[in-house]
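Below is one structure; the comments refer to it alone.
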Amino acid sequence: MATRSQTAAVLLAGALALAACGSGGAQAPAAQSGAKTLVIDTSFDLKTADPGRTYEPTGLIVGKATYETLLTFDGGDVTKPVPALAESYELSEDGKVVTLKLKQGATFADGSPVTADDVVFSLTRVRDMKGTPSFLLDGVEVAKTDDSTVTLTSKQANPALPYILPNPALGILNSKVAKQNGATADPQDKAEQYLNSASAGSGPYTIESFNVSSQVVLKANPKYYGTKPAYDKVVIRNVEAATQKLNVQRGDSQVALNLSGDQVTGMPANLQVKKTASANVIFLFANQNQEISKTTPNAKFVEAVRKGVDYAGLLELAGEGATQAPGVIPSQILGALGADQAAKRDLEGAKAALAASGLSNPTVKLEYPSELTVNGLSFQPLAERIQANLKEVGITVDLNPAPVTTALDNYRNGKEEMGLWYWGPDYPDPSDYLVFLPGKTVGERAGWKAGSDKTVEESGEKAAAAVGDDLRKQAYADMQAKLNASGPFIPLIQPSQNIVTAASVTGLEYHPVWTVDVADLGAK
Amino acid sequence: MSNTASGKTPLPGRGPEQARARRRGAHPLARFLVRRLLTAVLLAWGITLVTFVLTNLVPGDPVAANLGQRALGDPAIVAQWRAEHGLDKPLWEQYALHLQGLLQGDFGTSQQSHRPVAQDLAEFVPATLELAGAAILVSLVLGVGFGVLAALRRDRLSDHLLRVLSLVGISVPTFWLALVAFYVFFYRLQITPGSGRVDPALGGAPPVTGLQTIDALLAGRWDIFASAAGHLITPTLVLALYTIGLLTRFTRSAVLEVLGQDYVRAARAKGLPGRVILFRYVLRSALVPIITVAGLAFGSLLSGTVLVEAIFAWPGIGQYAYKSATTLDLPAVMGVGLVVGVVYLVINLIVDVLYGVIDPRVRLQ
């Protein structure tokens with residue numbers, strides 16, 4: 001039998017091991033140890049800190065903090081571009097030329113002044129590098145008129161340009177530093193590696209450390225010429241939604257960006273929950289290509305689907321803060337349709353339309369990305385609800401989910417009979433939604449070829465050419481009304497973007513382009 | 001894990017051949033190592049082939065996963081992206097280029113981070129090593145300790161309690177355990193720190209080894225060391241619980257078997273102290289099956305890190321692997337596959353060598 005000393009030796013070994021591991025013990029939450037550190041938890045979608053290649057949500061947060069653009073938006077209001085590095089701008093009457101007067105006294109993080117040459121270099125670089133955001137400046141010529149004036153010239157009227165310029169991808173970088181580190185402003189540009197470790201911008205923050213799959217640390221730019229931000233250091237961490245919730249509740253982080261509607265219900269009173277309808281529009285489409293389907297190109301079939309979907313039910317699924325999308329253009333953006341123009345469920349009308357279609361008990365295949373979530377909302381329950389809704393009309397829907405990379409392939413190639421997808425604005429201007437027209441990017445994906453619907457196409461051309469806010473608003477509203485009447489798209493909802501912050505964080509506004517501007521956040 | 005060392009006894013025979021055999025036999029361990037290393041290289045090549053074929057069999061286009069919807073509509077951008085990542089070349093050429101790169105220590109460039117995969121791995125592997133290393137240490141000490149304890153106190157209360165613990169460890173899924181542990185210890189009881197490797201307000205120690213605890217000690221930063229060690233506790237225990245359970249069970253039965261042997265009884269009879277009997281007679285003989293199980297378990301520990309790292313926001317290779325797989329980042333997936341494969345090979349090699357160290361019979365052969 002074992003002796004007492006044997007037992008004691010074994011126990012001691014175990015205890016020592018535990019003690020060795022446990023010596024750290026519990027830490028005080030981050031907020032208390034460094035008063036000026038802000039911790040933001042988010043599920044990373046991040047590839048780069050090079051503004052010329054940035055296009056992902058997390059990248060735009062970083063870009064907004066480290067670089068400045070010529071124009072920007074005030075808070076969450078995206079209907080009016082306001083001055084940033086440019087103190088004023090003017091759009092020519094034909095909509096082709098934007099003239100920008102640069103602000104004097106702006107400096108980069110190394111103290112050197114922001115010049116017109118830097119602007120020309122940065123914008124040309126985005127356009128010619130053929131990175132993800134290069135389409136923003138497709139066909140735009142950038143020229144310096146004098147030391148404080150820059151003009152952007154497009155071949156066709158481009159009234160959207162002032163709304164595109166605030167995109168953090170168009171941040172102005174220190175051309176001298178960038179060139180020293182391999183920037184050549186063509187597809188062979190090598191500056192990205194440098195820009196991922198240091199920032200060559202004039203923003204309120206600079207990069208302390210940058211890692212695409214774990215965390216990004218920003219520190220306040222000591223040479224920032226504008227108002228100093230409230231936090232000296234901002235840590236953006238890659239954290240799963242479930243963990244984000246516990247972290248922010250316990251005070252380990254101060255901001256959680258990716259919580260779903262379910263996760264934010266019942267939050268304790270010491271946390272602030274901001275629910276804003278996001279600018280992402282989830283929509284359904286019926287393929288118009290006869291080779292893909294004999295059922296979905298039928299106009300009466302599309303009408304039956306449009307009338308058969310229970311929009312109120314979908315909204316309930318999406319949770320508080322979500323809104324129905326009356327058209328493809330989301331509510332924040334100029335030209336959005338009013339809530340009174342939103343489609344409503346009309347079961348009898350749907351059945352009548354199906355009867356008039358000449359199809360009896362049609363069966364269609366609905367494809368959607370299985371694991372993708374938009375603002376924490378998953379496509380799966382939406383698809384199931386739509387399936388149930390259409391069953392009541394007499395349409396059998398076979399659900400066909402696939403991982404996003406697979407599903408996206410079919411969608412892009414226009415091979416889905418019916419699809420459930422979303423569109424997020426590339427820039428907050430209605431011209432971004434011309435892609436839904438026949439023959440354009442999304443139109444093609446729905447098998448809607450150019451020339452297949454003259455009325456809609458004409459209204460689209462009119463909208464694209466319109467100059468002046470009032471005219472554009474009207475033209476885009478008209479285009480959407482026509483799209484809803486005869487197009488293959490059925491806009492469904494804009495899910496809610498839920499942001500939870502500690503009581504100490506002030507001034508948070510959800511922004512449809514860069515989610516949150518960390519320099520705007522205050523401390524209480 | 002076959003014991004390859006046993007198959008190489010020199011055949012007794014004619015003169016010169018025997019002499020040669022004796023010469024070669026002078027360093028049986030060295031010969032054994034060389035042969036295992038050569039096999040390892042072949043296996044590593046096999047791993048590259050399998051990961052390459054598998055990643056290319058996946059339906060789905062990396063372009064779709066990496067470019068924005070708008071950029072996808074522009075053929076010039078798509079073509080530029082494909083060319084940049086060598087996807088415009090035929091498959092066999094892509095593989096040949098990949099192999100050629102590997103031979104020069106180049107794992108390719110990640111489509112996600114735009115950095116060399118080797119650089120990414122150098123950053124993420126240490127984080128996982130720190131976590132997995134701590135888990136291995138804890139499970140060896142606790143698993144073997146508990147197993148011995150259970151065997152010595154057979155059928156008493158502590159034995160029964162340890163049986164329950166090990167059954168729980170073996171049967172509870174890691175991801176569930178990770179979530180619950182995080183919720184209970186961090187959120188409810190507030191005794192462990194939150195996500196990541198170190199308190200974000202402190203920042204990390206200057207990287208030398210990449211192991212946060214060691215780097216903190218090297219820099220003389222006790223605050224960072226305490227924070228890093230604190231952050232290690234929960235994920236380590238969660239990750240180790242399965243191996244602790246497994247090792248407890250195996251150690252217990254191995255020790256029990258040895259305890260019944262005549263030589264143990266003889267040692268007791270001649271009045272040797274209990275400590276000597278336990279460590280020199282019992283444990284040493286019981287170690288061979290324990291090491292076999294431990295080797296296998298530590299290999300599978302790496303797959304457990306994917307889930308644990310996700311929940312504790314641990315910036316390791318598991319998170320990197322997951323992200324690379326979901327975005328079809330081919331070079332990164334292949335890089336991770338190769339690293340994990342090599343880790344398996346190394347663990348197996350260590351286990352085989354340890355057999356020889358522990359068991360004189362293996363050495364004599």
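Sequence lines set the chain letters: A, B, ... in the order given, protein chains first and strands last, and positions in each chain run from 1.
Heavy-atom distances place no part of B:E309 under 4.5 Å from chain A, backbone and side chain included. Residue A:D138 touches chain B through its side chain alone, counting heavy-atom pairs closer than 4.5 Å. For A:P187, the parts lying under 4.5 angstrom from a heavy atom of chain B are both the backbone and the side chain. Only the side chain of A:V435 comes within contact range of chain B, with at least one heavy atom under 4.5 Å from a heavy atom of that chain. Neither the backbone nor the side chain of A:D50 comes within less than 4.5 Å of any heavy atom in chain B. Contacts of A:Q249 with chain B are made by both backbone and side-chain atoms, with heavy-atom separations under 4.5 Å. In this structure, chain A has a heavy atom under 4.5 Å from the side chain of B:F124, while its backbone stays farther away.
Most heavy-atom pairs under 4.5 Å with chain A, from the set B:Y320, B:Y322, B:Y183: that is B:Y183. Chain B forms the most heavy-atom pairs under 4.5 Å with one residue out of A:K440, A:R412, A:K233, A:Q193, and that residue is A:R412. Chain B forms more heavy-atom pairs under 4.5 Å with one residue of A:N211, A:V404, A:T441, A:V217 than with any other, namely A:N211.
When all heavy atoms are compared, the tightest approach of B:G194 to A:N247 is CA-OD1, 4.2 Å. Of all non-hydrogen atoms in B:T192 and A:R250, the two that sit nearest each other are O-NH1, 3.2 Å. Scanning both residues, A:D252 and B:S195, for their nearest heavy atoms gives OD2-N, 3.5 Å.
If you take CZ on B:R197 and OG on A:S214, they are separated by 9.0 Å, rounding to the nearest 0.5 Å. Distance check, rounded to the nearest 0.5 Å: OG of A:S213 to CD of B:E123 gives 7.5 Å. Rounding to the nearest 0.5 Å gives a distance of 9.5 Å between NZ of A:K47 and CG of B:D329. Considering CG of B:L202 and OG1 of A:T37, their distance stands at 9.0 Å, rounded to 0.5 Å.
By the 4.5 Å heavy-atom criterion applied to side chains, B:W81 and A:T132 are not counted as neighbours.
Within a 6.0 Å sphere centred on OH of A:Y194, other residues, nucleotides and ligands contribute more than 12 heavy atoms.
With hydrogens and angles ignored, the 3.5 Å screen pairs a side-chain donor or acceptor of B:K323 with a backbone N or O of A:V212. Judged by distance alone, the side chain of A:T243 and the main-chain N or O of B:F312 form no donor-acceptor pair under 3.5 Å.
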